[in-house]
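Notes to accompany the following structure.
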Amino acid sequence: MSDLVKVIVDGEEIEVPRNYSVMQACEEAGAEIPRFCYHERLSVAGNCRMCLVEWVGAPKPQASCALGVGDLRPDRDGTPPKINTNSPIVKKAREGVMEFLLINHPLDCPICDQGGECDLQDQAVAFGTDRSRFEENKRAVEDKEMGPLVRSMMTRCIHCTRCVRFTTEVAGVKDMGLLGRGENAEITTYLEKALASELSGNVIDLCPVGALTSKPYAFHARPWELRKTESVDVMDAVGTAIRVDARGREVMRIMPRTHEDVNEEWLADKSRFIWDGLKSQRLDQPYVRREGKLTPASWDEALAAVADAFPSDASKAAAISGGLACSESQYALKTLMGSLGVASIDCRENGAKLEAGNRSGYLFNSTIAGIDQADALLIVGSNPRVEAPVLNARIRKRYLDLGFGKKGERIAVLGPANDLTYAYEHLGDNAALLNDFASHPFADVLKNAEKPMIIIGQGALAREDGAAILAACAKLTKASDDWNGLNVLHTDPGMINGLDLGFVPQDGGGDVAGILDGAAKGDVSFLYLLNADEFPVAGPLKSFVVYQGHHGDKGAHLADVILPGSAYTEKNALWVNTEGRVQRGHRANFPPGEAKDDWAIIRALSKAMGKTLPFDTQEALLSQMIEAHPTFGSINNAPGAASGNLDGVGQAGTISDAGFALAVTDYYLTNPIARASKTMAECSRTFNSPKTQAAAE
């Protein structure tokens, strides 16, 4: 039987795959088919009936989303089946459907946050009629409490069930459903509890009417007032494609963009709702500590104070780069420190035992899209649901496709047991199991799989025996020219940028642990912090601390001089995601006050220190950076298996039997921007309170 079938759509004969729906066939022919319930990434529901078309010969119009072209019968003379999308029958049927949908829909478009972006508005104009025959009172539905992120106005709901299917199928939580029948039907969260998913905000994008909208964004702005800028997210290391909507100097909302190889069209909640933290607790002018107190200063005073404090012995100076540092600023700082003779530099803020050089040793080599091909998975020391929610949704999708088995028999987790939204075999929390994992039954699952994956989290790599864990996992990995199953899952892009740039200890230099130990003892007298806020500090430091960043967080509290920089929405910069994909972020608004671009601050500082860097513009900096590190010249390319080999990855050694400490304990408060956000603070209280956790258990 041929895989292609012929269909005549509006008089034009086309050939389409047999597994196409009639809707897909019509769109292939160039016809526009309205829809509310249908979504290409969700199961077919056939609820709204807006996609009706005429199948010539059938007794009534057909829902094109639920009818496959393989089910169409040709005419008796062999003529391919005929589909009409604009006939009088179709037009009348769609007008009738729209009239029914609007029976109970409130006429509150002027105050609806969906206004200007509403599918119901657009399709009512395009496919509906200009009047209604109904005069009865509209029914009212009580709004549901869905937590701090999603605002409901359920009287507007048209029961398309997109939200229900998303939370159940993609997010993997059973918090929403449709109760009742007929006029009593309602979409609800059952017991009126908050949507307990790190992807819950996507129901806002999916809702075709104004029933589910953004609670933090409510009544803030209209879409036509906003300046839209395509950029990349840095709240985790997935590198989700986003659109930043700003009005004036203020970011009003963050939306996802479609990127099939990274995030498809989903966006994690922290990435979506972080925007209010961008304007809180900002550093908007330089500060210098005088008589124990940070006081405002001019740029010249601040830069001069840094230059004066730099020691004559460069071995007493050090620099740490944090997770929100962009590539350009890291390259500029590394170049400056190199010209000054500073060897103690490090981008591995959490102390992860990763080495620069061989990219296969620190990248997600199978690529995020490669999850769709994997047939076995071992997760070591990671909770991908909170470390990378969008990536975890992709694992769940593969699990539902039965690539990992109906009961998760081809997925195993070594580390703390958590609800990952899919079934798996829990191997315990004893890392020493990796010392002789080849004798474990799951090792045979990995060995017999065609494309097995091992995901190693930062919780495993930041241990003292992290290098041994990495080496053990590399030994278990199946690698070839077209598949490399060793995958390091990062939690922020700063470390990946730095490893690609070689922002690691130079000859004779100390790592983060050595730097902090030296700073506590006084052996390190000068410490430069570039967006570094997550490093462990046990007590006061005896160093002169320079903090360059955009929020008054932990690093700023330690500082003797503060140099205010730009947040990720306020600068043009390159970011590298966990799979090694270099992506370009674009400026959506300008930083507040006297804050500057990070690379420009370091360039100005180099002049004050008498070591002027050899670039005056960002373009010149990029040119030099790409010449020294060619990977940054390949935009939006994930190296995959081509990123290198696994020889020498990690360091052989004995792995202790200590349990894993996961990298992310509170998903909503992982970086300075998140900790400055009132929305994230409310989410943390809502989802991490003992009462909420007890209810979840």
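Please read these numbers as outputs of a predicted model, since none were measured by experiment.
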Worksheet item: Could you walk me through whether Leu149 and Leu195 pass the side chain to side chain contact (heavy atoms under 4.5 Å, CB included) check?
Response: CA-CA 9 Å; Leu149 302 178; Leu195 293 177; over 6 Å; no
Worksheet item: Using 4.0 Å as the upper bound for N to carboxylate O, is an ion pair formed by Glu260 and Arg394?
Response: no
Item to complete: With sequence neighbours left out, write down each residue that passes side chain to side chain donor-acceptor pair (under 3.5 Å) with Thr240, or none if nothing qualifies.
Response: none
Discussion item. Do Asn688 and Asp666 pair up side chain to side chain, a donor and an acceptor below 3.5 Å, judged on atom types alone?
Written reply: yes
Worksheet item: Are Glu264 and Arg41 within salt-bridge range, i.e. N to O under 4.0 Å?
Response: yes
Worksheet item: Any side-chain donor paired with an acceptor under 3.5 Å for Asp175 and Thr167?
Response: no
Fill in: Check: Phe404 ring centroid to Tyr422 ring centroid under 6.0 Å
no
Fill in: Phe166: ring pair (Phe, Tyr, Trp, His ring centres under 6.0 Å) partners, not counting sequence neighbours
Trp266
Worksheet item: Donor-acceptor pair, Asn448 side chain versus Asp444 backbone, under 3.5 Å?
Response: yes
Worksheet item: Going from CZ on Arg385 to OH on Tyr667, what distance comes out if it is rounded to the nearest 0.5 angstrom?
Response: 10.5 Å
Fill in: Between His39 and Glu265: side-chain donor-acceptor atoms closer than 3.5 Å
yes
Worksheet entry | Under 3.5 Å: donor-acceptor pair, side chain of Gln24, backbone of Ser21 | yes
Discussion item. Determine whether a donor-acceptor pair (N or O, by modelled atom type, separation under 3.5 Å) exists between the side chain of Asp429 and the backbone of Phe660.
Written reply: yes
Worksheet, complete the sentence: Residues pairing under side-chain hydrogen bond (donor to acceptor under 3.5 Å, both in side chains) where one sits in residues 467-478, two or more places apart or in two chains, turn out to be none
